[in-house]
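As structure tokens, the structure follows; a few thoughts come after it.
Being a predicted model, the structure only gives us computed values, none of them experimental.
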Number of protein chains: 2
Amino acid sequence: MTTKCTQCPLRGLELFKPMSDREVGFMERFKVGEMTVQAGTPLMSEGSNSPQLFTALSGFGLRYTLLADGRRQVLSFILPGDFIGLQAGVMEYMTHSVEATTDMTLCVFNRSELWTLFRNQAERAFDLTWLSASEERFLGEALATIGQRSAYESIAWAFSRLYRRLDALEMREGSSVPLPYRQQNLADALGLSLVHTNKTLAQLREKKLANWTNGRLHVPDIEALEEVGLVEHPTLPRPLM
Amino acid sequence: MTTKCTQCPLRGLELFKPMSDREVGFMERFKVGEMTVQAGTPLMSEGSNSPQLFTALSGFGLRYTLLADGRRQVLSFILPGDFIGLQAGVMEYMTHSVEATTDMTLCVFNRSELWTLFRNQAERAFDLTWLSASEERFLGEALATIGQRSAYESIAWAFSRLYRRLDALEMREGSSVPLPYRQQNLADALGLSLVHTNKTLAQLREKKLANWTNGRLHVPDIEALEEVGLVEHPTLPRPLM
DNA sequence: CGCCTGTTTGAAGTGGTTCAAGACAGGTGG
DNA sequence: CCACCTGTCTTGAACCACTTCAAACAGGCG
């Protein structure tokens, strides 16, 4: 059974900007269906021209690119509320792949309707651009991380960002949030080897800054962690597509 | 004397998507002036909320962020045709700084007019989003570079991209293009030390793949260079704002 | 000429990689 | 219920790509 946008479980969260009734109505029409996929399913692949756009409703995913020789760079972790496929939408060509890490449910939109969005829904078009700019901003920060931060700082940065975001999604329980990825995924995101990632995780655990076990991330003192990770800009309320 | 959009020296290049008369007319009104700045001038700074947006008409610039302790990450090199300040435009907050590396001339737009663009010029709004997605795409590639490529590959990648772009801007003369940056800038862009950047440049020179001297980049065989840099996606025609 | 900025080179040190192997948990089939 | 997978995490040890430190060199400019 498809979730109606009026009853969207995400929209009410403080993380997301409020939406007018008119906008919700439009989204309801823009949305063509809902999709449930199993862990491991590819959602979009590099070089393809997907006719569909998604918003993650629940579950976790990964966005990554591959180099010609197989080296993998994880670009970001996909969490509920993330919009997927903007690149395919406007550029008609994906330069990265997306896959589901856990089971996911996704709202499905029709790419060909994107143009009517720009024509008739200036606010939503603006929001879309906002999201794109926000993604750009995030990647800039990630670039500064891989380029300048040490492994220890990098992981602290990544954990801080994820913890804050998952907290804002109200997925925090006590001082921990779900984080169902492999160490290899984090290593690929930060440009580190698996072995070194593992050893650095052990250091953070020992210093009582962060403990990532069994798919959950425990952070006793988020501000201390942010300090180690040299985190500066807060997470802003964002539009939800 | 201000350049009229109808006589824009960039618009006719194959690198840029053709624009309808209506669009050109709109840009003419959107543009509030032209600015000439000297080398070294800051154009936007992190944390600020600039009321102006720019398009680089001529000259070279740099986009960068600073970490709290002063480490610098160059996010991209700004070349003629690049749009500057989209982030400030939609998010009202810059998370990176921009400065002129050489003397530059820039078209100046009024940020407050951005909203009328979304209201009345759906095509231009779409183009803006396209540009933002393109920037995101570029940063993703840069991330894969810093995260996965060796220093040697990284520089080959950066040089390939710059050479192709400057060629498309018709700034190539023979087998060389202008590239008026310091080695330190490239080092900051690729997350490398100055010393290692210098030594790696020497290797590329020795292998006759690229020779960057006196502000000019000489590339005898761009395809060979792209192969070393594992470059995969071509430069697409892009909208010009 | 003296000074400044940027480039180049040498040498020593280290943060991170790679290689290798063991431990642990969950899943499967006999 | 046990034996044996397979995938993930963990740990130790050797190595190296890149950093840091240090100093010399080259060109432009007052």
Side-chain angles (χ1 to χ4, degrees), chain A residues 38-40 60 62 67 69-74 99 101-102 145-159 178-207 210-218 228 230, chain B residues 38-40 60 62 67 69-74 99 101-102 145-159 178-206 210-218 228:
Chain A
Q38 288 189 323
F60 294 78
L62 274 181
L67 294 195
D69 60 6
R71 279 173 279 179
R72 172 178 304 228
Q73 176 68 43
V74 167
E99 71 179 43
T101 304
T102 64
T145 298
I146 305 192
Q148 308 299 328
R149 283 178 246 245
S150 68
Y152 188 71
E153 292 165 342
S154 290
I155 296 183
W157 171 81
F159 278 175
L179 195 65
Y181 296 96
R182 316 275 123 222
Q183 293 186 358
Q184 183 69 63
N185 297 328
L186 183 61
D188 287 343
L190 299 175
L192 300 169
S193 70
L194 172 61
V195 172
H196 194 57
T197 300
N198 179 285
K199 288 174 180 169
T200 309
L201 285 170
Q203 286 180 52
L204 282 164
R205 207 176 301 133
E206 195 179 334
K207 291 260 174 63
N211 185 347
W212 182 29
T213 333
N214 294 322
R216 288 197 75 86
L217 172 65
H218 299 258
V228 171
L230 298 165
Chain B
Q38 288 189 323
F60 293 78
L62 274 180
L67 295 194
D69 60 7
R71 279 173 279 178
R72 169 177 308 227
Q73 177 67 45
V74 166
E99 70 179 43
T101 304
T102 64
T145 298
I146 304 194
Q148 308 300 329
R149 283 178 247 245
S150 68
Y152 189 71
E153 292 165 342
S154 290
I155 296 183
W157 171 81
F159 279 175
L179 195 66
Y181 296 96
R182 316 277 121 217
Q183 293 186 358
Q184 182 69 63
N185 297 328
L186 183 63
D188 288 343
L190 299 175
L192 300 170
S193 71
L194 173 60
V195 171
H196 194 56
T197 301
N198 180 285
K199 287 173 181 169
T200 309
L201 285 169
Q203 286 180 53
L204 282 165
R205 207 177 299 133
E206 194 179 332
N211 184 349
W212 182 28
T213 332
N214 294 322
R216 288 198 75 87
L217 172 65
H218 299 257
V228 171

Can you measure [X] atom [atom1] to [N] atom [atom2] for me and round it to whole angstrom units?
| X | N | atom1 | atom2 | value |
| --- | --- | --- | --- | --- |
| B/Arg71 | C/dG15 | CZ | P | 13 Å |
| A/Leu194 | D/dT10 | CG | P | 10 Å |
| A/Leu190 | C/dT17 | CG | C1' | 15 Å |
| B/Gln203 | C/dT7 | CD | C1' | 17 Å |
| A/Leu186 | D/dT10 | CG | P | 12 Å |
| B/Asn185 | C/dG6 | CG | C1' | 11 Å |
| A/Leu201 | C/dG16 | CG | C1' | 15 Å |
| A/His196 | D/dT11 | NE2 | P | 15 Å |

Taking atom types as they are modelled, would you say the side chain of A/Lys199 forms a donor-acceptor pair with the base of C/dG15 within the 3.5 Å cutoff? no
If you pin B/Arg182 and B/Ala202 to their nearest nucleotides in DNA chain C, which one's is more 5'? B/Arg182
Testing C/dT8, D/dC9, D/dC21 for proximity to the side chain of B/Val195, the answer is D/dC21
If I take atom [atom1] from residue [X] and atom [atom2] from residue [Y], how far apart are they, to the nearest 0.5 angstrom?
| X | Y | atom1 | atom2 | value |
| --- | --- | --- | --- | --- |
| A/Thr197 | A/Arg182 | OG1 | CZ | 14.5 Å |
| A/Asn198 | A/Gln203 | CG | CD | 11.0 Å |
| A/Asn185 | A/Leu62 | CG | CG | 4.5 Å |
| B/Leu201 | B/Leu186 | CG | CG | 6.5 Å |

Just to confirm, is there a sub-4.0 Å distance from OP1 or OP2 of [N] to any side-chain nitrogen or oxygen of [X]?
| X | N | answer |
| --- | --- | --- |
| B/Arg205 | C/dT8 | yes |
| B/Gln184 | C/dT5 | no |
| A/Asn198 | D/dT10 | yes |

Over all strands shown, is A/Gly191 touching base, sugar-phosphate only, or nothing at heavy-atom distances under 4.0 angstrom? sugar-phosphate
Is it the case that over 12 heavy atoms from other parts of the model lie below 6.0 angstrom from the CG atom of A/Asp69? yes
